[in-house]
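One structure is given below, encoded as structure tokens.
Chain letters run A, B, ... following the sequence lines, proteins first and then strands; every chain starts at 1. Just so it is clear, the model here is predicted, and its values are computed rather than measured.
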Amino acid sequence: MPTKIEKDVYTGKDTTGHEWDGIKELDTPLPKWWINVWLVCIAFAAVYVVLYPSIPLGTTYFKGVLGWSSTGAVAQSVAAMNARHAADMKRIGQLPIMQVTADPKLKEVALQAGRIAFAENCQPCHGPAGTGRVGYPPLDTNFWLWGGTLPDIQRIIMYGIRSGDAKAHESQMPAFGHDGILKPDQVVLVSNYVATLFGIEKPGPTTAAGEKIFEDNCAACHGTKGQGNQSIGAPPLESRVHLYGDSLAAIEYQVNTPRAGVMPAWHTRLDPATINSLAIYVHSLGGGE
Amino acid sequence: MRLPISQSFIERNAIVLLIATLITVAIGGLVEVVPLFTIQTTVVKVPGIRPYSPLELLGRQIYVREGCYLCHSQQIRNLRDEVTRYGHPSIAAESMYDHPFQWGSKRIGPDLARVGGKYSNDWMYQHLKAPRSLVPESIMPDFAFLARNRLNTKELIAAMQTNIDLGVPYTKGDLKNAQADLAAQADPNADHSGLLLRYPKAMVVQGQGGRVTELDALVAYLQILGRMVDFTDPAVEHALAAQGGK
């Protein structure tokens, strides 16, 4: 490779002296603007290194004069977002829930916050706007397993149902059929009677026998007329809301091998203001007491 | 300045040029990676992190086998929208016993880093078997076949042993009780004291009378995700604060 630098006759510029198979290379300098951008980048990097976490120092690192960290930045960002309603949300979280709803402005904020939190956390089970699904109670009707007042709802959201939390609601219906408390024919009789309570079946000759079994075994929890008992989470049976299906077969299944739903405790996951907002939102869906 | 090897020498010897290029590129990578091995705050140790219980570990293998990571991430990034939706940002310690980690890079479905305990077991079973029965707009495939597949527990000890080789602190006792712990976690009526002593917060799943399915294992795994660390615990807060920065 010859290294003879010569002047190019067409451009008047020097060559680099490199030559491959007769092709020579012009020694054109990089454009000025390009060099300047490069220098600015270097200067920017120098400033950045001083301001932000940068140089590793063995077991630690230089944290930068701004003290910036990504975890700190996200906390600030969330705080800035919440700042608009910070005062209201703080009061929603701290005041007794009945006082929150007494203040129209606070209630409005709580309803908005509750609606958003519901869509992310509650809707997957209870359905959009709390319409309920098989196995998951509706929240928009006057059908409450454990009570439908604001404090009731607030408590259920906080501690859940059969969630394993110490303050969770607990109850367990005996497996009347599976455990042999009732004989198979008795299960059929009592299921038929329950079905007549809300009109799936018409009363017939066996209804009285079913009613007797009901009074002996079921009325203690579900009430003599099947009106339910919220203090132990026994569902009302005379209503047309059915957690596990709306048919005679579904009733028989439940008498034989009862299912009992689990609701998680949310106080470990959501802050008090969000929980109160959710309670107020759920209460507003149509069934609040 | 006169270099010991001249430019024209390097340019005319392909192997020398190759080696010199490799060295130059490697410097760029090493500068980024090596400090993470020495800086102590790379993985902030916090109370609560424990190895997976046997059932969770096998459930995790189902998760990997079915490619759940292709649609679900397990990392809540330090971004406002993620923190408000999913909860506390993921910390490195939460995946320190994951080999390999399941951070993922796609979110066709939601992030699962803190899905544990968010839904009841019943919901998890139903949703995995038939997602659209609970979430009509879901495009997740049905995984009902997992409920029919008996869980293969033959390789449990080998799987734990491999994890030990990779630095997961399973003890001799953990290995000895592994099969019993697995059976207990899939049986609501069993004695869970030993299981919960070795694996606190482990969630007991349905099982089907001694028959443990792949679905049971997967639910057990999903139900522990993000629950090991209690971020309201002052000790955790303290450990994270020591990480530095405002």
Side-chain angles (χ1 to χ4, degrees), chain A residues 1 3 17-18 52-64 66-82 116-117 119-128 133-136 160-165 259-271 274, chain B residues 7-8 11-12 31-42 44 76-89 91 110 114-127 131 133-138 201 203-204 223 226-227 230-233 240-241 243-246:
Chain A
M1 188 160 60
T3 51
H18 297 169
Y52 288 94
S54 48
I55 316 278
L57 307 165
T59 58
T60 177
Y61 57 94
F62 173 64
K63 293 193 170 65
L66 292 183
W68 183 92
S69 74
S70 58
T71 45
V74 71
Q76 274 179 0
S77 167
V78 170
M81 178 184 66
N82 292 339
I116 295 163
E120 166 60 20
N121 298 294
C122 315
Q123 186 166 313
C125 293
H126 291 288
R133 290 206 176 90
V134 172
Y136 304 96
I161 291 158
R162 305 179 191 95
S163 63
D165 192 280
R259 288 152 295 187
V262 172
M263 170 158 159
W266 292 90
H267 71 102
T268 51
R269 220 172 236 284
L270 303 175
D271 59 78
T274 307
Chain B
Q7 182 188 355
S8 66
E11 284 190 356
R12 276 177 290 170
V31 163
E32 290 191 45
V33 174
V34 169
L36 295 176
F37 288 99
T38 60
I39 292 173
Q40 276 166 350
T41 51
T42 303
V44 183
I76 302 166
R77 295 173 293 175
N78 283 311
L79 297 172
R80 189 182 71 190
D81 300 358
E82 303 207 358
V83 173
T84 35
R85 179 170 178 189
Y86 298 119
H88 195 283
I91 56 175
R114 302 209 184 285
V115 80
K118 188 170 181 182
Y119 308 110
S120 64
N121 282 347
D122 288 346
W123 190 93
M124 282 289 190
Y125 278 96
Q126 189 184 340
H127 181 259
S133 70
L134 288 166
V135 186
E137 66 274 25
S138 172
K201 295 190 183 176
M203 206 179 287
V204 178
Q223 289 286 39
R227 277 174 61 238
D230 176 6
F231 286 98
T232 57
D233 181 354
L240 289 174
Q243 193 177 11
K246 328 179 201 174

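- Taking the side chain as every heavy atom from C-beta outward, A/C125 and B/Y119 approach each other to under 4.5 Å.
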- Going through the checks in order, is the side chain to side chain contact (heavy atoms under 4.5 Å, CB included) test met by A/R269 and B/F231? CA-CA 9 Å; A/R269 220 172 236 284; B/F231 286 98; over 6 Å; no
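- Listed for the B/W123 side chain is a donor-acceptor partner under 3.5 Å among the backbone atoms of A/P124.
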*Decide side chain to side chain contact (heavy atoms under 4.5 Å, CB included) for B/K118 and A/E120; before the verdict, give the C-alpha distance in whole Å, the side-chain angles of both, and the deciding distance to 0.1 Å.*
CA-CA 11 Å; B/K118 188 170 181 182; A/E120 166 60 20; 2.5 Å; yes
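- Using a distance-only test at 3.5 Å, with no hydrogens or angles considered, no donor-acceptor pair links the side chain of A/S70 to the main chain of B/N78.
- Here the CD1-CZ distance, from A/I116 to B/R85, works out to 13.0 Å after rounding to the nearest 0.5 Å.
- Here B/T38 contributes atom OG1 and A/L57 contributes atom CG; the two are 9.5 Å apart, rounded to the nearest 0.5 Å.
- For the atom pair CD1 (B/I91) and OG1 (A/T71), the distance works out to 10.5 Å, reported to the nearest 0.5 Å.
- In this structure, the portions of A/T59 lying under 4.5 Å from any heavy atom of chain B include both its backbone and its side chain.
- For the atom pair CD (B/Q126) and CZ (A/R133), the distance works out to 8.5 Å, reported to the nearest 0.5 Å.
- When each of B/L36, B/I39, B/D122 is scored by its heavy-atom pairs under 4.5 Å with chain A, the top score falls to B/I39.
- Annotation: maximal heavy-atom pairing with chain A below 4.5 Å, among B/P89, B/S138, B/P136, B/G117, occurs at B/G117.
- Heavy atoms closer than 4.5 Å to chain A are found in both the backbone and the side chain of B/L134.
- Here OG of A/S77 is found 8.0 Å from CG of B/D81. Values are rounded to the nearest 0.5 Å.
- Heavy-atom distances place no part of A/A119 under 4.5 Å from chain B, backbone and side chain included.
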